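For reference, the structure discussed in these notes is given below.
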Amino acid sequence: MNYKDNIIKAETPTLTTEWDKTFPKSDKVAHDKVTFVNRYGITLAADLYIPLNVTGKLPAIAVSGPFGAVKEQVSGRYAQEMAERGFLTIAFDPSFTGESGGTPRYVASPDINTEDFSAAVDYLTTRNDVDAEKIGIIGICGWGGFAVNAAANDPRIKATVASTMYDMSRVNSNGYFDSADAEQRLELRKRLARQRTEDARNGYYTLGGGVVDPLPEDAPQFVKDYYDYYKTPRGYHKRSLNSNGGFNATSPLPFLNLPLLTYADEIESAVMLVHGEKAHSLYFSNDTYKKLTDKWKPGTPNNKILHIVPGANHTDLYDKMDVIPFNDIEMFFKNM
């Protein structure tokens with residue numbers, strides 16, 4: 001066996017040629033579709049945005065999220081906006097979802113989804129128009145946790161923004177607001193184990209369901225906010241898991257046993273956590289910031305930032321351009 005037996009092989013995904021985003025196309029950037037391969041041999045599909053009338057090597061940013069979304073939704077909006085501000089950007093679909101490859105479909109993984117960010121960095125480092133010493137990442141919602149996890153593992157990432165972040169391990173293991181105990185986790189494991197048995201016998205994977213539809217009148221406000229984005233023309237997309245059937249029902253399994261953010265306190269590069277003041281998920285960023293600065297000593301430099309957006313809820317930071325603090329995000333990345 002030699003290295004020729006172990007070459008990086010790309011799949012050939014089907015990429016749409018139409019502009020099918022949930023946001024208007026900018027006339028300030030050039031847009032194209034690109035693909036790249038992650039460490040597990042999965043080909044990822046991405047939208048590439050390059051600012052017009054620029055020359056030389058550019059700082060670059062890879063964007064993904066929210067968890068269960070596709071690049072035609074929130075991540076593409078962020079990527080296009082940052083390209084307008086002078087960065088070469090890509091918004092990519094995670095493994096097993098959207099236009100990206102990988103089977104079975106609609107699977108989530110703390111390991112593979114963290115790897116997806118590093119694979120995006122791999123791709124950006126190969127481009128002649130990218131400054132490989134100035135590559136950052138943006139993760140949104142559940143992908144904010146993956147982004148911070150990637151930054152802890154990959155020193156090529158010079159700056160990280162986690163916007164309206166979730167820690168997917170924590171929410172799956174402990175429930176919302178850490179309301180689940182060990183007995184409830186055991187019951188969840190038993191239910192997921194029964195689902196595995198059922199899937200094996202059926203020969204197909206049962207979907208867990210996207211955002212609830214129809215919306216119950218007594219739904220919590222944050223569920224109503226999700227519905228208002230994913231199930232209405234504001235953010236609906238035909239390839240979005242949240243807008244449709246969701247992830248495979250057994251997708252929570254690895255998050256119960258593989259915690260994210262274990263080594264977040266060892267990140268030396270800059271990190272900005274952006275969160276809405278009224279977001280139900282704010283506690284994830286608050287606690288992650290404490291973890292990031294655990295070893296910081298007063299009087300020494302601190303390149304970790306917790307940016308609270310007054311009055312904003314979780315989904316306001318998905319697409320409300322007058323609420324998302326892009327000016328601050330731009331300045332943050334220009335200092336990487």
Side-chain angles (χ1 to χ4, degrees), residues 8-55 57-103 105-107 112-113 115-132 135-140 143 146-147 150 235-244 318-319:
I8 299 173
K9 298 178 182 179
E11 303 166 278
T12 308
T14 301
L15 305 178
T16 183
T17 57
E18 64 178 341
W19 182 266
D20 62 346
K21 321 300 183 195
T22 59
F23 52 91
K25 187 175 183 179
S26 172
D27 60 3
K28 299 178 182 178
V29 303
H31 167 263
D32 201 0
K33 290 286 188 78
V34 298
T35 61
F36 51 92
V37 183
N38 73 11
R39 194 167 57 87
Y40 294 97
I42 300 168
T43 296
L44 303 182
D47 284 299
L48 169 69
Y49 300 92
I50 303 177
L52 296 176
N53 304 315
V54 296
T55 58
K57 293 182 177 293
L58 298 175
I61 304 170
V63 191
S64 198
F67 190 75
V70 288
K71 64 187 182 303
E72 289 75 20
Q73 295 172 305
V74 183
S75 60
R77 183 179 288 272
Y78 272 68
Q80 181 173 261
E81 176 67 24
M82 295 309 294
E84 287 187 354
R85 294 167 180 263
F87 299 85
L88 184 149
T89 66
I90 57 172
F92 64 88
D93 282 331
S95 295
F96 312 111
T97 65
E99 293 184 313
S100 288
T103 55
R105 303 301 292 165
Y106 316 138
V107 175
I112 295 175
N113 292 146
E115 156 61 22
D116 287 343
F117 265 124
S118 287
V121 175
D122 291 342
Y123 167 74
L124 291 171
T125 62
T126 68
R127 293 187 60 93
N128 293 329
D129 51 1
V130 166
D131 183 344
I135 296 176
I137 60 175
I138 298 175
I140 304 146
W143 276 80
F146 296 139
Y236 176 85
H237 196 277
K238 61 184 179 182
R239 288 191 295 274
S240 168
L241 279 65
N242 289 342
S243 292
N244 297 283
Y318 281 9
D319 63 340

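Being a predicted model, the structure only gives us computed values, none of them experimental. Note: hydrogens, waters and symmetry copies are ignored here, and every other heavy atom, side chains too, is used.
Using modelled atom types and a 3.5 Å distance limit, the side chains of Ser64 and Asp116 yield no donor-acceptor pair. Between the side chains of Gln80 and Ser26, no donor-acceptor pair is found at a separation under 3.5 Å.
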**Item:** Chi angles and distances behind the salt bridge (Lys or Arg N to Asp or Glu O under 4.0 Å) call for Arg77, Glu81
**Value:** CA-CA 6 Å; Arg77 183 179 288 272; Glu81 176 67 24; over 6 Å; no

**Chi angles and distances behind the side chain to side chain contact (heavy atoms under 4.5 Å, CB included) call for Met82, Val63** = CA-CA 10 Å; Met82 295 309 294; Val63 191; 6.0 Å; no

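Lys33 places no side-chain N or O within donor-acceptor distance of the main-chain N or O of Thr17, the cut-off being under 3.5 Å. Of the possible donor and acceptor atoms, none in the side chain of Asp47 sits under 3.5 Å from a partner among the backbone N and O of Glu72. Judged by distance alone, with hydrogens and angles left aside, the side-chain atoms of Ser100 form a donor-acceptor pair with the main-chain N or O of Ala45 at under 3.5 Å.
Contact check for Ile112 versus Val107: no side-chain heavy atoms found under the 4.5 Å cut-off. Residues Leu124 and Leu88 form a side-chain contact, since some pair of their non-hydrogen atoms from C-beta on lies under 4.5 Å apart. Side-chain contact check for Ile90 versus Tyr123: some heavy-atom pair is nearer than 4.5 Å.
Atom CZ of Arg127 sits about 11.0 Å away from atom OG1 of Thr125, to the nearest 0.5 Å. Asn113 contributes atom CG, which lies 6.5 Å from atom CZ of Phe67 (distance to the nearest 0.5 angstrom). Residue Asn242 holds its CG atom at 13.5 Å from NE2 of His237, rounded to the nearest 0.5 Å. Here CZ of Phe92 is found 4.5 Å from CH2 of Trp143. Values are rounded to the nearest 0.5 Å. Within the model, atoms CG of Leu48 and OG1 of Thr89 stand 7.0 Å from one another, a figure rounded to the nearest 0.5 Å. Taking CG of Asn128 as the start and NZ of Lys57 as the end, the distance is 5.5 Å to the nearest 0.5 Å.
Considering every non-hydrogen atom in both Phe23 and Gly76, the closest pair reads CZ-C, 3.3 Å. The heavy-atom pair separating Arg39 from Glu115 by the smallest distance is N-OE2, 2.7 Å. Of all heavy-atom pairs between Ala69 and Ser240, the closest is CA-OG, 4.0 Å. Between Leu44 and Pro94 the shortest heavy-atom distance is CD2-C, 4.1 Å. In this structure, Gly86 and Leu58 approach most closely via the heavy-atom pair O-CD2, 4.0 Å. Of all the heavy atoms in Ala150 and Ile137, the pair that sits closest is CB-CD1, 4.2 Å.
Ionic pairing of Asp93 and Arg239 is not present here: no N-O contact between side-chain nitrogen and carboxylate oxygen is shorter than 4.0 angstrom.
Under the 6.0 Å cut-off for aromatic ring centres, Phe87 and Tyr49 do not qualify, their centroids lying 6.0 Å or more apart.
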